[in-house]
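Contents: one structure, followed by commentary.
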Amino acid sequence: MSCSLRILGVPGSLRAASVNRRLLQLLAGQMPDGMGMSLYAQLGELPLFNPDVEFPPPAAVVHWMTALQRADIVLIASPEYAHGVTGVIKNALDWAVSSEVMVNKPVLVLNASPRAQHADAALRETLAVMNARLMTEASVVFPMLGYRGTDEALLASPDFVQARCQVFEVVSRLATHPAGAAPSAS
Ligand SMILES: Cc1cc2nc3c(=O)[nH]c(=O)nc-3n(C[C@H](O)[C@H](O)[C@H](O)COP(=O)(O)O)c2cc1C
């Protein structure tokens with residue numbers, strides 16, 4: 001297994017108590033041996049996307065694009081707002097559309113809420129049109145919305161364990177067979 005695999009977690013919520021960020025933090029704390037995951041915490045610093053100011057890009061955009069460029073795998077966990085994706089994640093992805101940075105990039109779309117199906121579908125569609133390598137078998141639901149228990153209890157719950165296994169199985173496979181791990185896109 002490669003120790004140099006770079007995994008980037010991207011929470012699509014700016015809320016201090018974000019369930020989606022908590023999900024990514026929990027996964028980051030449990031990564032398989034030899035792997036590390038960092039969270040991108042600066043999406044709120046991106047300006048609203050405007051093609052007129054794309055070249056040269058603002059500093060915050062350069063920072064975001066560099067993080068994406070360096071990542072071997074991207075895990076996105078983002079909530080649903082009014083049956084759509086959050087402006088935060090859509091804005092961030094819009095900045096990346098005209099570059100090649102997401103082409104063939106392995107991406108897992110994690111969903112912290114079983115009822116958030118519109119945003120999940122819309123996010124997958126956006127990533128598909130960007131030609132990201134959507135790892136559908138590991139783009140799973142972690143039923144965390146409304147959960148009031150401790151992290152320990154959540155981490156031990158069967159639904160969480162099952163979803164985490166699916167994520168880590170694909171991440172581990174990508175670490176050993178970057179090009180050959182199960183395919184994507186739908
Ligand atoms: C403005 C707004 C709109 C929302 N719309 C939906 C929705 O359409 N469907 C849904 O399942 N949840 C909706 N929610 C609930 C959020 O998905 C839920 O609060 C989630 O925890 C937010 O993610 P976060 O905890 O990572 O910030 C909405 C929340 C807000 C604040």
Side-chain angles (χ1 to χ4, degrees), residues 6-31 36-50 60-61 63-65 67-68 71 73-97 102 105-130 132 134-168 170-171 186:
R6 285 165 300 217
I7 304 171
L8 183 67
V10 182
S13 168
L14 302 182
R15 215 164 62 87
S18 166
V19 171
N20 288 277
R21 190 182 311 103
R22 182 184 179 199
L23 168 58
L24 292 169
Q25 285 168 337
L26 288 173
L27 292 176
Q30 296 229 315
M31 291 308 286
M37 172 173 154
S38 58
L39 261 59
Y40 197 80
Q42 293 94 351
L43 286 195
E45 294 169 22
L46 290 173
L48 288 176
F49 176 65
N50 178 354
V61 175
H63 189 271
W64 165 233
M65 299 291 279
L68 285 178
I73 306 175
V74 177
L75 272 59
I76 300 177
S78 188
E80 176 167 297
Y81 284 171
H83 286 190
V85 296
T86 63
V88 172
I89 195 69
K90 187 61 166 63
N91 186 53
L93 291 175
D94 284 347
W95 280 111
V97 166
M102 292 299 285
K105 181 81 71 185
V107 180
L108 282 63
V109 174
L110 309 182
N111 189 345
S113 165
R115 70 177 197 208
Q117 294 179 8
H118 299 279
D120 189 77
L123 190 49
R124 288 170 188 240
E125 178 63 23
T126 296
L127 290 162
V129 86
M130 294 171 79
L134 182 60
M135 311 305 291
T136 51
E137 71 276 38
S139 293
V140 288
V141 175
F142 287 80
M144 289 176 61
L145 197 64
Y147 183 80
R148 300 272 176 261
T150 63
D151 285 353
E152 291 70 27
L154 180 61
L155 288 169
S157 69
D159 287 344
F160 194 99
V161 169
Q162 170 66 31
R164 186 186 56 200
C165 277
Q166 287 175 256
V167 169
F168 286 172
V170 166
V171 168
S186 57

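Just so you know, ligand 1 is whichever comes first in the structure, and atom 1 is the first atom listed for that ligand.
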Does Ser18 reach ligand 1 with a nitrogen or oxygen that is under 3.5 Å from one of the ligand's nitrogen or oxygen atoms? yes
Check ligand 1 against Leu145 and write out every atom of the ligand that is under 4.0 Å from a heavy-atom position of the residue. 18 (C), 20 (C), 21 (O)
Near His83 (heavy-atom distance under 4.0 Å), the atoms of ligand 1 are 7 (C), 8 (O)
Got a protein heavy atom sitting under 4.0 Å from atom 19 (O) of ligand 1? no
Considering only heavy atoms, does Arg15 approach ligand 1 within less than 4.0 Å through its side chain, its backbone, both, or neither? side chain
The closest protein heavy-atom partner of atom 7 (C) of ligand 1 is Glu80 OE2, 3.5 Å
Closest to atom 23 (O) of ligand 1 among Gly146, Pro79, Ala116 (heavy-atom distance): Pro79
Please state which protein non-hydrogen atom is closest to atom 11 (O) of ligand 1 and give its distance, to 0.1 Å? Arg115 NE, 2.8 Å
Quick check: does Ala82 get an N/O under 3.5 Å from an N/O on ligand 1? yes
When only distance counts, is Val19 in polar contact with ligand 1, meaning an N/O pair under 3.5 Å? yes
With a cut-off of 4.0 Å, which atoms of ligand 1 are near a heavy atom of Asn20? 23 (O), 24 (P), 26 (O)
Closest approach of any protein heavy atom to atom 27 (O) of ligand 1, naming residue and atom: Ser13 OG, 2.7 Å
